Amino acid sequence: MENTAFIALGSNIGNRYDNMAKAIQILTNHPGIQLVNKSSIYETDPIGYEDQDLFLNMVIEIKTVLNANELLDTCLKTEQELGRKREIRWGPRTIDLDILTFNHENIETEKLIVPHPRMLERAFVMIPLFEINPDIHISGMKKPLRACMVELQDKEGVRIWKQKNGEGGFEPIES
Ligand SMILES: Nc1ncnc2c1ncn2[C@@H]1O[C@H](COP(=O)(O)OP(=O)(O)OP(=O)(O)O)[C@@H](O)[C@H]1O
Ligand SMILES: Nc1nc2c(c(=O)[nH]1)N=C(CO)CN2
């Protein structure tokens, strides 16, 4: 599998843990996608549109034979399968899948922008990403990632909810 991508997951409707677990399952059931790593799960205050419930957020690393467009289509299809409805911008969602990086490519089409244009300012993305790849280089970053992290980690609103536990993954703890 020649391509490496980092994907951010977020959920703040229904059983947030199950939504994320199911999204990972659907993605990795795809014969062209292999899960390489996943972060801990964080509970985060909503950003952008604040009058909504707390999110769970995490980041996964995958390897894939899909190209970036095919991966986006797979992510959008997975969101739909899990009942995602697009209503309020930055509003509540059963599952959100954002492609953060795809190899070291810069992509700018009508459907897809990579690296994700808002990732660097989002602690709910950068903290889990940094956890699984502190050395990642993201084009557009003006400072080393470690320097960006000092500022982001000072921000409130991102708390560990379920620590990553080695190879085994996570136990469901939310009913
Ligand atoms: N890197 C990317 N990852 C996922 N979707 C992207 C990306 N770049 C552009 N898009 C486009 O964004 C569209 C809308 O995505 P979505 O509704 O999930 O936005 P959002 O999550 O509300 O906001 P944000 O983009 O700020 O996270 C998708 O249909 C997709 O075509
Ligand atoms: N904490 C948090 N806030 C958000 C999130 C998210 O995943 N987590 N997603 C948004 C739209 O992409 C808008 N705001």
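Because the structure is a prediction, the values reported are computed rather than measured. When a ligand or atom number is given, it counts from 1 through the structure's own listing order.
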Looking at [atom], what's its closest protein heavy atom, distance included?
atom: atom 12 (O) of ligand 2; value: Asp96 OD2, 3.2 Å
atom: atom 7 (O) of ligand 2; value: Asn57 ND2, 2.8 Å
atom: atom 10 (C) of ligand 2; value: Trp90 CD1, 4.2 Å
atom: atom 9 (N) of ligand 2; value: Phe124 CZ, 3.9 Å
atom: atom 3 (N) of ligand 2; value: Ile47 N, 3.1 Å

- Sub-3.5 Å N/O-N/O distance, Ile113 and ligand 1: yes
Checklist line | Heteroatom proximity flag, Ile99 to ligand 1, N/O under 3.5 Å | finding: yes
* Do any nitrogen or oxygen atoms of Asp45 lie less than 3.5 angstrom from nitrogen or oxygen atoms of ligand 2? -> yes
- Query: Is the closest N or O pair between Gln52 and ligand 2 shorter than 3.5 Å?
  - Reply: no
Using only heavy-atom distances, determine whether the side chains of [X] and [Y] contain a donor-acceptor pair under 3.5 Å.
X: Asn57; Y: Thr44; value: yes
X: Asn12; Y: Gln52; value: yes
X: Asn3; Y: Thr64; value: no

For Asp135, is there any backbone N or O sitting under 3.5 Å from a side-chain donor or acceptor partner on Asn133? yes
A student checking ligand 1 against Asp96 at a 4.0 Å heavy-atom cut-off should list atoms 18 (O), 21 (O)
Ligand 1 to Leu112, heavy atom cutoff 4.0 Å, flagged ligand atoms 1 (N), 2 (C), 7 (C), 8 (N), 9 (C)
> At the 4.0 Å heavy-atom cut-off, does Pro46 count as touching ligand 2?
Replying inline: yes
With side-chain contact (heavy atoms from CB on, under 4.5 Å) as the test, pick out the partner of [X] among [options].
X: Ile62; options: Asn37, Ile99, Leu71; answer: Leu71
X: Tyr42; options: Val125, Val59, Ile160; answer: Ile160
X: Val114; options: Ile107, Thr109, Asp98; answer: Ile107

Of Arg122, Glu108, Arg118, Glu110, the residue with the heavy atom nearest atom 27 (O) of ligand 1 is Arg122
Looking at Met119, Lys111, His116, the heavy atom closest to atom 10 (N) of ligand 1 belongs to Lys111
Which of Asn19, Thr94, Asp96 passes side-chain hydrogen bond (donor to acceptor under 3.5 Å, both in side chains) with Ser11? Answer is Asn19
Next on the checklist: With a 4.0 Å cut-off on N to O distance, would you call Asp53 and Arg16 a salt bridge?
Outcome noted: no
Quick note on ligand 2: atoms under 4.0 Å from a heavy atom of Arg93 include exactly 11 (C), 12 (O)
Logged contact type for Leu72 with ligand 1, heavy-atom cut-off 4.0 Å, is side chain
- Any side-chain heavy-atom pair of Ile7 and Leu100 under 4.5 Å: no
